[in-house]
Amino acid sequence: MPIDPSTLRQSTRTSAAAAAALNRWRSARFGLFIHWGLYAIPAGVWRGKRVPYIGEWLMFREKIPVSTYSKLAARFNPVRFDAAAIVRLAREAGQRYLVITAKHHDGFAMYDSPSNPYNVVAATPWAHDPMRDLARECKKQGVTLCFYYSQDLDWHHPDGAWNTWDYDVKKKNSDRYLREKVYPQLRELLTQYGPVGLIWFDTPLTISREQSAAIRAFVKKIQPGCLVSGRVGHGMGDYGIPRDNQMPPGRLPGDWEVCATLNHTWGYKTHDHDWKSVENLVRTVVESASKNANYLLNIGPKADGTVPAASVARLRGVGRWLKANGASIYGTSPSPFAHDFPWGRMTTKGRTLYLHFFSKPSRHFELRGLLTRVLGASPLLAPKRALPVAQDKDPATGTPRLQIDLAGVRFSGPVTVVALRLAGAPAVVPGPIQEPDGVLSLLTAEARVGADRGQPKLKVTPIGFTSKWTETTDWLEWDATVLQPGRFNVELVTTHQHLEPWSSGHTARIAAAGKTLRRKIVRDAELDYTQKAYFPRIITRMGRIEVLQPGRFNLRLHLDKILPQPKDKPLWDDLSPLVVQVRLVPVK
Ligand code: FHN
């Protein structure tokens with residue numbers, strides 16, 4: 001599913017009201033996404049056939065005519081819908097805002113929309129507005145109500161985008177669609193339910209820059225404190241959104257939201273039982289917070305209004321961890337380090353640095369690169385006794401080292417947190433530093449970009465991948481700190497966007513430690529991480545180098561041969577190699 005790369009940028013036009021709203025949203029860190037609509041009736045099955053892909057795309061996948069699909073409305077009677085229970089579930093999960101599909105791409109409004117009869121009150125036997133119930137319950141239970149609204153794709157309206165089987169594309173007029181449907185409906189959403197935390201716009205595939213700007217202005221005029229998601233398009237959102245289920249490597253500049261499914265669909269599907277584990281979900285909450293991102297985790301209620309039991313169980317599982325450990329997530333700032341650590345992630349709150357361990361490290365844990373003095377360390381949970389700490393400098397490189405004796409920590413559950421009390425706000429040595437296990441990880445986000453001649457065309461996206469690498473003269477370069485010299489296997493890590501082909505077969509060249517390694521980009525292995533099911537990190541083994549001295553280490557990456565981009569690719573897609581990092585792994 002192609003996405004306009006401008007959704008990765010964030011607007012700088014922020015009013016005082018929006019800044020306050022953004023602060024509140026940021027400190028919430030965890031939200032509930034709800035995809036609920038007519039598509040919950042077929043639930044991924046059409047005319048007896050299991051339809052691949054996400055459930056809410058069924059109308060598009062099967063090219064179901066509007067006249068047929070709209071008949072589902074007459075069968076929509078979710079008498080077991082219980083707004084109080086859904087908001088309570090969000091509370092139990094530790095989610096502080098809720099984003100529900102007011103109108104998805106099928107064009108059906110899941111609320112009372114006086115401007116358009118294709119809605120849940122006017123067109124269904126239920127004749128009930130669930131958003132009124134949710135607004136009341138959110139207010140009562142202290143959860144911020146937000147709406148998802150598909151401002152571009154609309155397969156029901158003749159002027160909406162992407163229904164080519166009912167309507168003549170040449171006759172479509174997007175301004176008329178905005179005028180007739182989007183603006184009236186946005187006004188309703190922003191005036192019928194009290195304060196709205198944010199409008200979660202999505203899939204800006206055909207919308208113009210002017211249209212995105214106008215939609216943003218329209219929302220802000222009615223509710224200045226209502227945020228606008230990055231997918232309003234053209235960098236007009238208050239925060240950015242990576243692709244669905246995408247976890248960027250390293251810390252991110254600006255505000256972000258990682259949106260994710262619990263299985264592999266947003267709208268309910270009867271036959272998707274591949275659920276993520278509570279461990280994976282908790283780690284993703286932590287990892288998002290460490291990267292200055294909120295985590296928006298989805299449920300897809302069934303056609304009768306109930307939430308699948310597997311979803312309820314998982315959300316409650318995350319909630320149990322957050323209830324005990326929430327101080328290390330809510331209201332925190334991201335990790336002071338730009339890179340990820342092999343043992344876990346970090347968040348900060350003022351002078352406290354939280355170390356989130358994903359696995360039990362060795363008793364004498366070492367953290368490199370923290371410049372600030374540590375006054376004390378203790379586990380976040382009982383037994384809260386002080387842990388012995390020592391700080392010094394690596395004699396050869398001067399790199400600050402912190403040792404913590406973790407013998408007093410009870411490691412349990414998906415993530416164990418240790419809090420460090422610092423003498424000031426955390427300051428760190430910039431750039432990559434070799435880890436105590438000997439691995440050196442060079443993230444694209446931490447690289448210098450240059451060219452042998454002129455200006456580089458190559459860019460690094462805000463989420464830390466290369467983009468538009470089309471010139472063999474362009475390069476990425478890193479300066480890193482090596483503490484334990486020796487022989488290393490050099491690995492190039494590339495990725496691809498979900499559902500898009502992996503761009504392989506190019507030739508990479510790495511120059512480091514007086515050696516040149518050249519190899520075709522092929523799949524030798526994959527890295528393990530939380531979102532590997534969607535965005536694999538593919539390792540190409542480049543060869544071996546030997547680093548003789550501790551100290552500064554330089555590595556430069558070129559592409560010697562770049563295969564041409566396919567001619568028929570969609571405009572916004574980048575099929576050049578997406579480089580995530582270069583890893584140096586000590587030879588055992
Ligand atoms: O096409 C939609 C999809 O149905 C779903 O709503 C997700 C949620 O992020 N957004 C779009 C795909 O990115």
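Both counts, for ligands and for their atoms, begin at 1 and track the order of listing.
For the pair H356/S328, a side-chain contact is recorded, criterion being any heavy-atom separation below 4.5 Å from C-beta on. By the 4.5 Å heavy-atom criterion applied to side chains, S290 and P334 are not counted as neighbours.
Neither the backbone nor the side chain of R243 has a heavy atom within less than 4.0 Å of ligand 1. With a heavy-atom cut-off of 4.0 Å, T203 touches ligand 1 through its side chain alone.
Against a heavy-atom cut-off of under 4.0 Å, C259 is close to the following atoms of ligand 1: 9 (O). Remark: ligand 1 atoms within the under-4.0 Å shell around heavy atoms of W266 are 5 (C), 7 (C), 8 (C), 9 (O). Proximity to H104 (heavy-atom distance under 4.0 Å) selects the following atoms of ligand 1: 3 (C), 4 (O), 5 (C), 6 (O). Interface atoms of ligand 1 facing Y148, defined by a heavy-atom separation under 4.0 Å, are 6 (O).
Remark: K63 is positioned above the aromatic ring of F60, its terminal NZ or CZ atom under 6.0 angstrom from the ring centre and at most 45 degrees off the axis.
When D238, D244, D152 are each tested for a salt bridge (Lys or Arg N to Asp or Glu O under 4.0 Å) with R231, only one passes: D244.
Assignment of H35 to the shell around ligand 1 is supported, since a heavy atom sits closer than 4.0 Å. The closest approach between W200 and ligand 1 falls below 4.0 Å for a heavy atom of the residue.
Taking each of E56, Q246, R231 in turn, the one with a heavy atom nearest to atom 4 (O) of ligand 1 proves to be E56.
When all heavy atoms are compared, the tightest approach of W266 to N245 is CZ2-ND2, 4.4 Å.
For ligand 1, one of its N or O atoms has an N or O atom of H105 under 3.5 Å away.
Contact check on E92 versus R88 returns no salt bridge, with no Lys/Arg side-chain nitrogen under 4.0 Å from an Asp/Glu carboxylate oxygen. Ion pairing of D154 with K103 is present here, as a side-chain N (NZ or NE/NH1/NH2) and a carboxylate O approach within less than 4.0 Å.
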